[in-house]
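A quick write-up on the structure given underneath.
Computed from a prediction, not measured in an experiment: that's the story for all the values here. The figures that follow rest on heavy atoms only: side chains count, while hydrogens, waters and symmetry mates do not.
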Amino acid sequence: MKIEVGSVINELRIKQNLTREELAKDICEPNALSDYERSITSPTIDELALLQINLKLTCRISSLPKMNRSIIT
């Protein structure tokens, strides 16, 4: 199963009126977040977990099926 997390991150960030700088703070560079949102690159599982916290999501990364979770696109 392919998960398009970039577009989901972008949509949630915009709905919450967050800038890339605000969401990326202490996680990654805003340019990296832009690349994630455009599916040019993928966040690490650790970055994804931190983005989840900043976006106030209740879904837990650990609930994803066991797979190579280092890259989720």
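When all heavy atoms of Tyr36 and Cys28 are compared, the pair lying nearest together is CE1-SG, 3.9 Å.
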Evaluation steps, side chain to side chain contact (heavy atoms under 4.5 Å, CB included), between Ser39 and Glu4: CA-CA 8 Å; Ser39 297; Glu4 296 290 340; 3.5 Å; yes
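Residues passing the side-chain contact (heavy atoms from CB on, under 4.5 Å) test with Ile27, sequence neighbours excluded: Glu47, Leu50, Leu51, Asn54. In this structure, Asp46 has no salt bridge (charged side-chain N to carboxylate O under 4.0 Å, His left out) partners at least two apart in sequence or on a different chain. Annotation: side-chain contact (heavy atoms from CB on, under 4.5 Å) contacts of Ser34 (sequence neighbours excluded): Arg20, Arg38. Residues satisfying the salt bridge (charged side-chain N to carboxylate O under 4.0 Å, His left out) test with Lys15, not counting sequence neighbours, are Glu11.
In this structure, CG in Leu23 is found 9.5 Å from CG in Leu12, a value given to the nearest 0.5 Å. Arg13 contributes atom CZ, which lies 9.5 Å from atom CG of Leu55 (distance to the nearest 0.5 angstrom). Rounding to the nearest 0.5 Å places OG1 of Thr41 at 4.5 Å from CG of Asp35.
Val8 and Leu48 fall within the same hydrophobic cluster, where Ile, Leu, Val, Met, Phe, Trp and Tyr residues are linked whenever their side-chain heavy atoms come under 4.5 Å apart, directly or through other members. Residues Ile9 and Ile40 fall into different hydrophobic clusters, defined by Ile, Leu, Val, Met, Phe, Trp and Tyr side chains chained together at heavy-atom separations under 4.5 Å.
Each salt bridge (charged side-chain N to carboxylate O under 4.0 Å, His left out) pair with one or both residues in residues 21-30, not counting sequence neighbours, would appear here, but there are none.
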